Amino acid sequence: MNLSGAGAQARPADRPGVSSGSVASDQIRGAYSLIVVANRLPASQVVQPDGKVEWQPSPGGLVTALEPVMRASAGAWVGWSGSPGPAPEPFDADGVRLVPVELSDQDVEMFYEGFSNGTLWPLYHDVIAPPQFHRHWWEAYCAVNERFAQAAAGQAAQGATVWVHDYQLQLVPALLRQRRPDLRIGFFNHIPFPGYEIFAQLPWRRQIVEGLLGADVVGFQRRADVTNFLRACRRAAGARTSGGIVRVPERADGGERDGSGEVGASKAQGRRVSAACFPISIDSAAFGELARREDVRARSRQIRQELGDPQVLLLAVDRLDYTKGILHRLRAYEELLDEGRLAPPESVFVQVAAPSRERVLEYQSLREDVEAVVGRINGEHATLGQPAVHYLRHSYPREEMAALYMAADVMVVTPLRDGMNLVAKEYVACRQDELGALVLSEFTGAADELGSAFLVNPHDIEQTKDAIMRAVQVAPSQARRRMRSLRKRVRIFDVDRWATDFLRALNGPDPDSHSVGSRLHEG
Ligand code: F6P
């Protein structure tokens, strides 16, 4: 994303090819026909060492997938700049309108770190960490969701399509529909949607479900998420469901219903909302191109050299998050070393752990625990100049990641729960040599699609150890067979396909067109 225009003031009406239509002016709130609403903008504000504030693009699959379609259809992106404080003015970047939403210091603490990442994140990831329920966090969540809904309503042209993303903004669909019933509204949840027994812990479960049901299409990563959501619709909001269609009662009066979905004849004939799965993916071709670049290939060879040309290079890449199973994985590796099944310097393990949500207590404790375990393993098994675990608490540019993926013999992706896990797909997309092996947790969305990986239950340390050893020792012919099948899946179902399928389901003439998305993604 080119940010050269950042800061320039461009009003929607100035944009070529954008018409405000013929609706009365008090009904027109904006001029953009496709609006993405996400917690973060595709660019972040960063304070330089000299105090100057600059915008830096945050390249990611979502931006790559949506940029062309947003450019073609007069798109705007509503989101947070990543810095607390007053929102900068909207500006154009590469033909896309970026509309910053303000988060104060208190919002960051109570909405982002609090309700989003201290309540919803652990709740939706199988309560791996205990979720905290605080009424003032909920109030902040409601207030910030209102702000996002208002910003989106202010940008959308009559009849525009608005695509809302992720758990931070689950109330936005309904808030937006109240303001702008003319809009076509989609919602996509990037993280898992939990089983009802877990979801039901949330004191505000009904409000969350009703917030989501403001959308026309609610998309999830896995079929299991759709099933969980449909059950929550019946149990928490008293809605009737049939297949992937939810009948939203005309007037949700807040009463808890029984599982029968009995809500009375007139209300039961309400609006239809589709729920379906659309597994997200990566820009596979772009990773393929990176992997073909001579400088990236040279860097990949250099990495192996710098690591002492090991016989086996194991790689793990995660955000430093307790859902990623980093401690379980390190334990499995440590036991393999203790048992002499792997031995440095012939075998080397590289753990990249990108810093994340560093002010949240659980993340701080995880970091301490991971660093203690890495220290213990190296204390026991490293030799001078040859660590057993290379622990890198950094984020790296895509080129470096591609070089690491190409260097690794075995990629170990073992989260305890993960909506999708794009690292697994990136690894596969970079292995043009059709070599390398993927050890993958069955609790990732990716496992539904990548059945040719070595699948493991990461809680089962013995099974994880055996899977790592099978991946280390796999015959080249079998490795190739597995990798070819993984690559085929990732090549065909890329992020462009994901976005196209979702938008087609949202805007297609057939109200049941969501089922196309589901069918296309059968693993
Ligand atoms: O996977 C969910 C998600 O919110 C992603 O959209 C995001 O890249 C990641 O977690 C990190 O989130 P944060 O915005 O909290 O840094």
Side-chain angles (χ1 to χ4, degrees), residues 1 35-46 55-63 65-66 70 75-88 90 93 96-125 137-155 162-176 185-193 208 211-212 214-215 218-221 280 319 321 323 354-360 363 395 419-420 422 502:
M1 173 162 280
I35 322 280
V36 168
V37 190
N39 183 46
R40 288 185 189 269
L41 286 170
S44 314
Q45 265 195 329
V46 208
W55 286 96
Q56 275 181 6
S58 334
L62 192 57
V63 194
L66 295 178
M70 291 186 81
W77 190 307
V78 174
W80 176 43
S81 71
S83 305
V96 177
R97 183 74 158 171
L98 301 194
V99 184
V101 173
E102 170 170 347
L103 289 194
S104 65
D105 282 305
Q106 218 189 22
D107 292 330
V108 173
E109 194 187 318
M110 298 203 291
F111 156 76
Y112 171 70
E113 293 163 352
F115 199 79
S116 297
N117 292 315
T119 306
L120 294 173
W121 182 267
L123 188 77
Y124 281 30
H125 287 88
W137 284 4
W138 165 248
E139 280 155 24
Y141 187 79
C142 294
V144 172
N145 271 249
E146 282 274 1
R147 205 174 302 154
F148 273 81
Q150 193 172 353
Q155 299 297 326
V162 181
W163 190 1
V164 184
H165 290 263
D166 230 354
Y167 62 104
Q168 303 96 341
L169 302 176
Q170 292 172 98
L171 304 180
V172 169
L175 294 169
L176 196 51
I185 303 171
F187 180 90
F188 184 78
N189 199 47
H190 291 249
I191 69 172
F193 195 88
I208 291 288
L212 291 170
V218 184
F220 297 93
Q221 302 280 23
I280 198 169
R319 271 186 315 103
D321 191 301
T323 58
S356 183
R357 304 171 189 166
E358 291 187 290
R359 295 191 339 169
V360 179
Y363 290 75
S395 307
M420 176 49 64
L422 296 178
F502 187 92

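Computed from a predicted model, the values in this text were never measured in an experiment.
- A donor-acceptor pair under 3.5 Å is absent between the side-chain atoms of Trp121 and the main chain of Tyr124, judged by distance alone.
- Closest heavy-atom contact between Pro90 and Pro100: CA-CD, 3.8 Å.
- Residues Phe187 and Leu176 have side chains not in contact (no heavy-atom distance under 4.5 Å, counting atoms from C-beta outward).
- Summarising the geometry of Val78 relative to Val101, their closest heavy-atom pair is CG1-CG2, 3.5 Å, with the distance given to 0.1 Å.
- Remark: Gln170 CD to Ser116 OG distance equals 8.5 Å, nearest 0.5 Å.
- Taking Phe115 as the reference, Trp138, Tyr141, Trp204 meet the ring-ring contact (aromatic ring centres under 6.0 Å, His included) condition, with sequence neighbours excluded.
- Aromatic ring orientation, Trp163 versus Phe502: parallel (interplanar angle below 30°, classes split at 30° and 60°).
- Counting only heavy atoms from C-beta outward, the side chains of Arg319 and Arg357 approach each other to under 4.5 Å.
- Using a 4.5 Å cut-off on side-chain heavy atoms (C-beta onward), Phe188 and Gln221 make contact.
- Panel note: side chain Ser44, backbone Val46; no donor-acceptor pair is recorded below 3.5 Å.
- The shortest distance between side-chain heavy atoms of Pro42 and Leu98 falls below 4.5 Å.
- Within the 4.5 Å cutoff, the side chain of Asp166 has heavy atoms near those of the Ile191 side chain.
- Taking every heavy atom of both residues into account, Gly79 and Phe148 meet most closely at CA-CE2, 3.8 Å.
- Residues Asn145 and Leu171 share a closest heavy-atom pair of OD1-N, 3.0 Å.
- Applying the ring-ring contact (aromatic ring centres under 6.0 Å, His included) rule to Tyr363 yields the partners Tyr322; only residues at least two apart in sequence or on another chain are considered.
- Judged purely by atom type and a 3.5 angstrom limit, Asn39 has no side-chain atom pairing as donor or acceptor with the backbone of His165.
- In this structure, the separation between CD on Gln106 and CZ on Phe111 is 14.0 Å, given to the nearest 0.5 Å.
- In this structure, Phe220 and Phe193 have perpendicular ring planes: the angle between them is above 60°, well past the 30° mark.
- Distance alone, capped at 3.5 Å, is enough to place a donor-acceptor pair between the Arg147 side chain and the Glu102 backbone.
- Looking at every heavy atom in both residues, Trp77 comes nearest to Met70 through CE3-SD, 3.9 Å.
- Between the side chain of Trp80 and the main chain of Ala87, no donor-acceptor pair closer than 3.5 Å is present.
- Judged by distance alone, the side chain of Asp321 and the main-chain N or O of Thr323 form a donor-acceptor pair under 3.5 Å.
- Between atom CG of residue Asp105 and atom CE of residue Met110 there is a gap of 11.0 Å, rounded to the nearest 0.5 Å.
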Practice prompt. For the pair Arg40 and Tyr112, evaluate side chain to side chain donor-acceptor pair (under 3.5 Å) and give the outcome as yes or no after the intermediate values.
Written response: CA-CA 11 Å; Arg40 288 185 189 269; Tyr112 171 70; 3.2 Å; yes

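- Among all heavy-atom pairs drawn from Pro173 and Leu212, the shortest one is CB-O, 4.0 Å.
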